[in-house]
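To keep things clear, I will list the structure first and then write my remarks on it.
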Amino acid sequence: MIQEKYNRRIFDEGTEEAIENLSHLRSNVLTPVGIEKGDNVLIIEPDSEALVEWLKEEEQATVTVGMADNLNEIKGTFNIIINLGYLTETPSVLKKMLSTDGKLVYALPEKQRIADFAKKLLKEAGFEDIKTYRVSPDYMFTTEIYAEDYIGGGAGDYLLIAR
């Protein structure tokens, strides 16, 4: 199991960076996305090797890692495009890389207050079905996920899933 593999490395390295990069909690934020076996996933600028491995092994997805400076070189379309932590590219550009039934996923830190801006960009790009969740305590170490309008959901980061 991936969790056990990385727990040993976290313990041995004993750094905050190891926890951020290797923790199994990194995959929790993607629970509402509904990634299935065989999905073709593009993850942009991943900051977690454990998350990429989880997508490949646990979810059995085909995973392409894209960096901001080479997105225009990536060919084909994807069922799911994931961008965690920041807006690497605008939704209108990424929409061209999505299959017709694809999902564009952003997990954004609330403290930067960019979720509302991202929702506006998603609507301008033609996404009509945008689901918004609050994730707590943050997108990196999510332990709770609430619908945005859930009373008592409290503060936390945002997860946006657009179709």
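Only heavy atoms go into these numbers, but all of them, side chains included; no hydrogens, no water, no symmetry mates.
- Across all non-hydrogen atoms, the minimal contact from A118 to L87 is CB-CD2, 4.2 Å.
- Residues Y158 and L25 fall into different hydrophobic clusters, defined by Ile, Leu, Val, Met, Phe, Trp and Tyr side chains chained together at heavy-atom separations under 4.5 Å.
- Here the closest heavy-atom approach between residue K75 and residue N72 is recorded as NZ-O, 3.7 Å.
- Clustering ILVMFWY residues whenever any of their side-chain heavy atoms sit less than 4.5 angstrom apart, transitively, puts V93 in a cluster other than the one holding V41.
- Side-chain contact between T143 and P137 is present, with heavy atoms from C-beta onward closer than 4.5 Å.
- The NZ atom of K131 sits 7.0 Å away from the CZ atom of R163 when rounded to the nearest 0.5 Å.
- The closest donor-acceptor contact from the side chain of E45 to the backbone of A68 lies under 3.5 Å.
- Interatomic distance, CG of L71 versus CG of L94, reported as 6.5 Å (0.5 Å rounding).
- D12 and R9 are not joined by a salt bridge, as no carboxylate oxygen comes within less than 4.0 angstrom of a charged side-chain nitrogen.
- At distances below 3.5 Å, not a single donor-acceptor pair connects side-chain atoms of D138 with backbone N or O atoms of P109.
- Applying the side chain to side chain contact (heavy atoms under 4.5 Å, CB included) test between L98 and each of N79, L104, T77 identifies L104 as the sole match.
- The shortest non-hydrogen separation linking A18 to I10 is O-CG1, 3.7 Å.
- With rounding to the nearest 0.5 Å, the separation of CG in L108 from NZ in K119 is 10.0 Å.
- Taking 4.5 Å as the limit, every side-chain heavy atom of L160 sits out of range of all side-chain heavy atoms of F127.
- Considering CE of M140 and OG of S48, their distance stands at 8.0 Å, rounded to 0.5 Å.
- Between L51 and I82 the shortest side-chain heavy-atom distance does not fall below 4.5 Å.
- When atom types are taken as modelled, the side chain of N83 and the backbone of Y86 share a donor-acceptor pair closer than 3.5 angstrom.
- Between T62 atom OG1 and I80 atom CD1 the span is 11.0 Å, to the nearest 0.5 Å.
- The two residues P46 and G66 have their closest heavy-atom pair at CD-O, 4.3 Å.
- Looking at heavy atoms from C-beta onward, Y139 lies out of side-chain contact with L159 at the 4.5 angstrom threshold.
- You'll find the side chain of E13 reaches within 4.5 Å of the side chain of L22, heavy atoms only.
- The shortest distance between side-chain heavy atoms of N7 and F11 does not fall below 4.5 Å.
- None of I19, T142, D47 except one satisfies the side chain to side chain contact (heavy atoms under 4.5 Å, CB included) rule with R26; the exception is D47.
- With a 6.0 Å radius and a threshold of 12 heavy atoms from other residues, nucleotides or ligands, K95 has its NZ atom above the threshold.
- The minimum heavy-atom distance between M97 and L42, with the atom names listed, is CE-CD2, 3.7 Å.
- How far CG of L55 is from CD of E53: 10.5 Å, rounded to the nearest 0.5 Å.
- Counted within 6.0 Å of CD on E73, heavy atoms from surrounding residues, nucleotides or ligands total more than 12; the atom is thus considered enclosed.
- Between I130 and K123, some side-chain heavy-atom pair lies under the 4.5 Å cut-off.
- When all heavy atoms of N28 and I145 are compared, the pair lying nearest together is O-CD1, 3.6 Å.
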### Derivation of the side chain to side chain contact (heavy atoms under 4.5 Å, CB included) call for D157 and V29
CA-CA 10 Å; D157 291 348; V29 73; over 6 Å; no
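- In this structure a side-chain-to-backbone donor-acceptor pair under 3.5 Å is present from K103 to V33.
- Between I114 and Y106 there is no side-chain heavy-atom pair separated by less than 4.5 Å.
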